[in-house]
Amino acid sequence: MQVIQGIKELEGFRSSFGKHEQLGLVPTMGALHAGHLSLLENAHRNTDHTMVSIFVNPLQFNDSKDFDKYPKQIEKDLELLKKGGCDIVFLPDTKELYSEKPILSFQFGYLEQIMEGYHRPGHFNGVAIVVSKLLNITRPHKAFFGEKDLQQLRVIQYLVKDLSMPVEIVPCATLREPDGLAMSSRNMRLNAAQRQRALLINQSLRKAKDLLGKLPHQEIEQLIEKDFSAEKLEYFSIVEKDSLKKCTDPFQNKEVALCIAAFIDEIRLIDNIIVSS
Ligand code: PAF
């Protein structure tokens, strides 16, 4: 496994690939878990060379405390990637990616006004800038993103489509712990009691899924809000799976996504499930 820190070095390495060899990129912020490794496996199945980038992108954190507390475990990450058969790790530092703060900024229309976009102002701009940089530097044929960050996935799909970027975005299913908790680097910050409380997030999604088609969406949303009376629910929304626009008609023959964000003390977790009718 090759670990590369500099853009110049990476470009040299990248040019050594044969014309017909496909590169698969898995962008990450490190603190890797089985969910990331499943993205890597997907990249292995679909491309000839696999690259994982690790960079905790300061530009996408709207809360500086969240950035400071973001888990970091680079030695362990490299060990996991080696075991997972990763070919190349791109490990730039902040100066390498941001020699200066970008003056460019992205706007994603209505996606900025709902759910993550509404509650984390500037977040998707930061994501779009770093993902654009990573795609331009590494020039992958395919890039792999988890469906756990469903709204981020949609933002990246629009980014690539609107700018005609020559890369295929491959969505990958969310991996869960046996008790239903969605895998996330932020889970590392939960103590045993908080982890137990965090189960409410997935339990409420499953409850809402069972109620779909039986109750109006507004009533389902109110029931879920009630279940969170002892926790801080940021949002629970029933949205159309592709557009992520609010879905109000419970009997519409559409695929919906149930999306949630909640705090377990100061740790913010998100999850979603996609329901086909
Ligand atoms: O999902 C993440 O880990 C990050 O948002 C990403 C896509 C690597 C950009 O920093």
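Counting starts at 1 for both ligands and their atoms, following the listed order. Note that this is a predicted model, so its numbers are computed, not measured.
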Task: Closest heavy-atom pair and its distance - Met165, Ser132 - done: CE-OG, 3.9 Å
What residue and atom, counting heavy atoms only, is the protein's closest point to [atom], and at what distance?
| atom | value |
| --- | --- |
| atom 2 (C) of ligand 1 | Gln152 NE2, 3.8 Å |
| atom 10 (O) of ligand 1 | Gln60 OE1, 2.6 Å |
| atom 3 (O) of ligand 1 | Met29 CG, 3.7 Å |

Using a 4.0 Å cut-off to any heavy atom of [X], which atoms of ligand 1 qualify?
| X | result |
| --- | --- |
| Thr28 | 8 (C) |
| Val130 | 9 (C), 10 (O) |
| Pro27 | 8 (C) |

Task: Straight-line distance of Asn272 CG to Gln151 CD, nearest 0.5 Å - done: 10.5 Å
Open item on the list: To the nearest 0.5 Å, what is the distance between CD on Gln152 and CD on Gln60?
Closed with: 6.5 Å
Open item on the list: One residue to check: Ile156. Relative to ligand 1, which of side chain, backbone, both or neither has a non-hydrogen atom less than 4.0 Å away?
Closed with: neither
Task: Short side-chain donor-acceptor distance under 3.5 Å, Glu240 and Ser243 - done: yes
Open item on the list: Distance alone, cut at 3.5 Å: any donor-acceptor contact between the side chains of Glu255 and Ser276?
Closed with: yes
Task: Ring-ring centroid check Phe61 Tyr70, cutoff 6.0 Å - done: yes
